[in-house]
Engineer: 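Quick one: this structure, given as structure tokens, is what I'll be asking you about.
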Amino acid sequence: MPPAAKAKPRPVAPPLPPAAASGVRCWLAKSEPSVFSIDDLARVKKTAWEGVRNYQARNHMRDDMKIGDAVLFYHSNATPPGIVGLARVASAPYPDATQFDRKSEYHDPKATKDAPRWFLVDLAFVEKFPNPVSLEALRADPELTGMLVVKKAHRPSVQPVDPRHLLRVADVAGSAHARAMVGG
DNA sequence: GCCAACGTTGGC
DNA sequence: GCCAACGTTGGC
């Protein structure tokens with residue numbers, strides 16, 4: 001029996017959106033462009049998605065995200081707020097180093113290296129959309145009804161996205177790569 | 001800057 | 001386990 005089979009089962013996770021035909025899951029990650037924008041991601045190509053301090057968002061990164069998953073890149077506290085590009089998950093989950101760094105604004109005194117509290121994945125740049133989709137436009141699109149990001153005060157900064165919603169956003173945004181990543 | 005809508009913390 | 005106080009997110 002593989003060791004994993006002996007692991008204590010975690011509480012049942014909330015239902016995920018249906019997997020796309022490819023098995024790739026879809027997500028949305030928020031970032032304030034004044035802190036880290038899609039242009040920053042385009043420049044560095046890949047980054048550790050550090051500083052997430054919300055348990056739901058952490059659980060998505062630690063438990064559910066797989067290498068190759070598609071991630072919509074959302075600018076919050078922006079003018080206008082909205083989805084501006086596409087990234088992909090580029091690592092397995094690992095502890096967020098900033099939780100151990102006393103000088104970091106993300107330092108968590110309750111976290112230890114033996115018992116890390118915060119996990120992250122790396123995100124890699126895929127594309128900046130030719131036509132970003134504002135929050136206002138997301139809300140106005142009947143095909144995007146139910147998308148978490150349009151719900152008032154839906155806070156987790158990493159959240160699941162229905163692949164159909166991702167493909168719709170990608171079409172409106174003029175994406176060149178989403179269909180190849182997600183299928184459909 | 002305002003403030004609604006959260007999530008977290010800690011006293012009890 | 002309850003819940004008031006507090007802190008944060010994020011649109012506006």
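Convention: sequence-line order gives letters A, B, ...; per-chain numbering from 1. All figures in this text were calculated on a predicted structure; none of them were measured in a lab.
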Engineer: Sorted by first residue and then second, give each side chain to side chain donor-acceptor pair (under 3.5 Å) pair with at least one member in residues 171-184 of chain A; sequence neighbours left out.
Structural biologist: A:Glu127-A:Ser175, A:Asp171-A:Arg179
Engineer: Under the ring-ring contact (aromatic ring centres under 6.0 Å, His included) rule, collect the residues that match up with A:Tyr94, sequence neighbours excluded.
Structural biologist: none
Engineer: With A:Lys66, which residues qualify under side-chain contact (heavy atoms from CB on, under 4.5 Å), at least two apart?
Structural biologist: A:Asp69
Engineer: According to the ring pair (Phe, Tyr, Trp, His ring centres under 6.0 Å) rule, which pairs have a member within residues 112-150 of chain A, sequence neighbours left out?
Structural biologist: A:Tyr55-A:Trp118
Engineer: Mind checking what makes side-chain hydrogen bond (donor to acceptor under 3.5 Å, both in side chains) contact with A:Arg43, not counting sequence neighbours?
Structural biologist: A:Asp40
Engineer: Spell out protein contact along nucleotides 5-12 of chain C as letters: B when the base is contacted, S when just the sugar-phosphate is, - when no protein heavy atom is under 4.0 Å; keep the 5' to 3' order.
Structural biologist: --BBSBBS
Engineer: Look at the side chain of A:Gln159 and the backbone N and O of A:Val149, then say whether any donor-acceptor pair between them is shorter than 3.5 Å.
Structural biologist: yes
Engineer: Restricting to side-chain contact (heavy atoms from CB on, under 4.5 Å), what partner residues turn up for A:Val172, sequence neighbours left out?
Structural biologist: A:Val133, A:Asp141, A:Arg168
Engineer: Closest nucleotide of DNA chain B for A:Lys152 versus for A:Tyr55: which of these residues is on the 5' side?
Structural biologist: A:Lys152
Engineer: Could you list by number each residue of residues 107-115 of chain A showing a heavy-atom separation from DNA chain C of less than 4.0 Å, or answer none if no residue does?
Structural biologist: none
Engineer: Considering only residues two or more places apart or on different chains, which pairs with a residue in residues 35-54 of chain A satisfy ring pair (Phe, Tyr, Trp, His ring centres under 6.0 Å)?
Structural biologist: A:Trp49-A:Phe73
